[in-house]
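Being a predicted model, the structure only gives us computed values, none of them experimental.
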Amino acid sequence: MRNILLIHCHDLGRFLGSYGVETVSTPHLDSFAAESALFEQAFATAPHCSPARASLFTGTYPQSNGVLGLTHEPFSWDLKEPKAHIAYRLKSAGYQTELVGVHHESRVLADDVVAGRLGFDRARTGGARDVVVSRATDALRRMSVSDRPFYLQVGFTEPHRMPSERDRPGVMGFLADGVNPDVTLGHTVPAHLVDDDGAREEIAELQGAVKHMDEGVGSILSELDSLGLRDQTLVLFTTDHGLALPRAKCTLYDAGLGVALMLRHPGNAAWSGRRVKDIVSHVDVLPTLLELAGLPTPDGLAGTTLRPAVEAGEAPRTHCFSQLSHHTYYDPKRSVRTSTHKLIVNFSNAPRAMDPTQSWIHRSLPADLGGPTIGTSPALELYDLTSDPEELDNIADHPGQAEILTDLSAALFDWMRECDDPLLTAPVAASRHQLALDAIHEATLTRK
């Protein structure tokens with residue numbers, strides 16, 4: 001059995017040099033990518049934090065694992081079965097297990113409770129970059145002296161938006177402690193945004209936050225090497241979902257779902273410097289890690305091992321599925337993607353794109369903004385990803401697309417049935433719904 005080091009961060013998408021972003025400084029992750037299998041078309045199952053992570057760490061979709069929204073108060077969504085977490089599975093197989101940094105895949109509770117529920121020997125959650133690096137390197141030193149393999153899960157908050165005294169009123173940017181804007185190599189404004197002064201100001205902050213996180217990853221990988229653990233350790237790096245920019249995070253467009261995913265498998269030349277172009281999903285991570293660690297794959301997982309994709313060039317899947325139900329408000333959406341097309345189904349008349357900026361004032365604007373208001377979501381959105389990679393031209397009503405629309409609709413409906421999607425029967429009630437109902441009911445009883 002091999003050691004496993006899994007490093008993840010918030011809100012990165014694929015904003016790295018190794019994914020073609022030439023203006024962001026990520027030398028440590030770029031070097032890591034050159035030694036790893038890099039998945040060019042990896043997708044999250046959800047465009048926001050907790051549901052995406054729940055899928056990553058259980059190999060199941062949010063509709064199945066129960067995490068349809070954020071796991072911290074006042075939302076408090078939770079895994080139906082905490083023992084489905086990869087840490088619990090590995091601990092049962094004899095691994096040492098430890099959690100450092102971001103925990104957002106199950107209900108946010110005290111560290112000792114989180115550890116016991118998910119199968120960690122120890123959990124030290126939270127902390128900015130330097131705290132996470134210190135705790136992760138400490139964990140590596142302690143676990144390296146045992147004859148048992150380890151699983152270390154390390155989560156960085158950066159490059160999440162963070163409040164800062166350097167922000168002007170109405171804006172929450174990316175200026176966490178220790179983060180400074182970085183335009184050393186220029187700017188890369190995503191093509192789905194207007195390239196103007198406001199966007200460039202925001203991107204400069206984002207580039208600084210990504211650079212800051214990259215340095216932290218480099219410190220942890222350096223410690224792994226200094227302890228002589230490189231050849232015995234599978235190392236995976238990923239993020240939860242897309243960038244916290246308009247029309248990205250909290251949407252089912254590729255800008256919200258596309259993720260960096262890299263896995264270093266020492267001693268296996270097929271994985272070194274390999275770039276996989278096929279579409280893959282975060283639900284494929286758990287079965288891949290279990291197989292590479294020499295452990296059996298349990299029944300009930302939604303994903304499939306990525307080993308044949310890397311070692312034999314076999315496409316692992318024909319469809320990637322994703323969902324949004326609850327973030328800051330209820331906005332149910334479902335999507336299916338192939339290598340060439342995407343179908344998004346919107347189950348409410350909510351605004352077309354939920355705002356992920358946490359700001360009153362928007363510095364970045366969508367490139368397809370066509371009027372004074374954002375407008376409501378159409379029932380169906382269909383995009384040809386070959387000719388329209390930014391998903392700006394909805395062709396759902398085009399007669400020539402009827403066959404593709406039918407095929408994708410059927411695939412999406414079958415998936416919803418397979419994962420027992422609650423949208424097939426009724427709207428999904430949030431914890432806030434029950435809290436509000438209890439409050440007015442209690443007032444009624446008191447009045448009587």
Side-chain angles (χ1 to χ4, degrees), residues 4 6 8 10 44-93 95 97-126 151-155 236 238-241 259 281-290 295 297-303 321-327 330 332 334 415-416 418-423 428-435:
I4 300 173
L6 194 158
H8 60 109
H10 267 299
T45 67
H48 58 144
C49 311
S50 299
R53 284 192 169 85
S55 290
L56 172 65
F57 295 122
T58 68
T60 58
Y61 291 107
Q63 301 97 309
S64 301
N65 61 48
V67 181
L68 289 168
L70 300 172
T71 57
H72 60 275
E73 296 290 348
F75 308 101
S76 301
W77 291 88
D78 199 5
L79 289 171
K80 292 178 182 177
E81 180 46 82
K83 293 181 180 179
H85 196 283
I86 185 174
Y88 206 101
R89 297 186 187 280
L90 291 173
K91 184 175 183 178
S92 299
Y95 273 70
T97 55
E98 189 156 337
L99 166 64
V100 170
V102 171
H103 157 255
H104 213 188
E105 63 265 29
S106 71
R107 188 173 179 184
V108 176
L109 300 165
D111 281 356
D112 59 336
V113 179
V114 168
R117 295 181 77 229
L118 301 185
F120 289 102
D121 297 324
R122 186 180 190 183
R124 289 185 287 176
T125 63
Y151 169 68
L152 176 58
Q153 180 177 310
V154 180
L236 185 140
T238 191
T239 185
D240 47 3
H241 48 70
V259 293
S281 170
H282 259 167
V283 295
D284 300 326
V285 167
L286 189 147
T288 302
L289 290 176
L290 292 179
L295 297 172
T297 302
D299 296 333
L301 298 185
F321 300 97
S322 301
Q323 68 85 50
L324 174 68
S325 294
H326 292 272
H327 189 66
Y330 183 50
R334 302 292 185 261
W415 168 68
M416 292 176 69
E418 288 170 6
C419 61
D420 198 20
D421 197 314
L423 289 186
V428 184
S431 58
R432 173 61 63 86
H433 179 105
Q434 191 60 48
L435 285 171

Taking all non-hydrogen atoms of both residues into account, name the closest pair between [X] and [Y] and its distance.
X: G69; Y: S50; answer: O-CB, 3.4 Å
X: A54; Y: L79; answer: CB-CD2, 3.9 Å
X: G66; Y: W77; answer: O-CE3, 3.4 Å
X: G303; Y: P287; answer: C-CG, 3.8 Å
X: H104; Y: C49; answer: ND1-CB, 3.4 Å

Would you mind reporting whether [Y] and [X] have side-chain heavy atoms less than 4.5 Å apart?
X: T58; Y: S64; value: no
X: L70; Y: H327; value: yes
X: T97; Y: L118; value: no
X: E418; Y: Y61; value: no

Partners meeting side chain to side chain donor-acceptor pair (under 3.5 Å) with [X] (sequence neighbours left out):
X: H326; value: none
X: D284; value: R317
X: Q153; value: E105, Y151

*Please walk me through it: do T71 and R53 pass side-chain contact (heavy atoms from CB on, under 4.5 Å)?*
CA-CA 11 Å; T71 57; R53 284 192 169 85; over 6 Å; no

Considering residues at least two apart in sequence or located in another chain, which fulfil the side-chain contact (heavy atoms from CB on, under 4.5 Å) criterion with [X]?
X: T238; answer: H8, L56, L236, V259, L261, H282
X: S55; answer: T45, P62, N65, V283
X: S76; answer: E73, R107
X: K83; answer: E81, Y88

_Passing option when T125 is tested against V102, L99, V100 for side-chain contact (heavy atoms from CB on, under 4.5 Å)_ =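 One option only clears the test, and that one is L99.
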
Distance in Å, [X] [atom1] paired with [Y] [atom2], rounded so as to fall on 0.5 Å steps:
X: S322; Y: H241; atom1: OG; atom2: NE2; answer: 12.0 Å
X: R334; Y: M416; atom1: CZ; atom2: CE; answer: 5.5 Å
X: L295; Y: S92; atom1: CG; atom2: OG; answer: 10.5 Å
X: L6; Y: L152; atom1: CG; atom2: CG; answer: 9.0 Å
X: Y330; Y: L68; atom1: OH; atom2: CG; answer: 9.0 Å

*Applying salt bridge (Lys or Arg N to Asp or Glu O under 4.0 Å), name anything that partners R89, two or more places apart in sequence or on another chain.*
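With neighbours one apart ignored, the set is empty.
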
*asked:* Holding to salt bridge (Lys or Arg N to Asp or Glu O under 4.0 Å), I want the full list of residues that pass it with R124, two or more places apart in sequence or in another chain.
replied: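 Checked R124 against salt bridge (Lys or Arg N to Asp or Glu O under 4.0 Å); matches are E98, D138.
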
*Under the ring-ring contact (aromatic ring centres under 6.0 Å, His included) test, which residues partner F321, sequence neighbours left out?*
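Here the qualifying residues are H319, W415.
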
*Could you pull out all residues at least two apart from H10 that satisfy ring-ring contact (aromatic ring centres under 6.0 Å, His included)?*
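Result, ring-ring contact (aromatic ring centres under 6.0 Å, His included) vs H10: H160.
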
_Residue pairs passing the salt bridge (Lys or Arg N to Asp or Glu O under 4.0 Å) test where at least one lies in residues 108-121, sequence neighbours excluded_ =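 For residues 108-121: D78-R117, K91-D121.
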
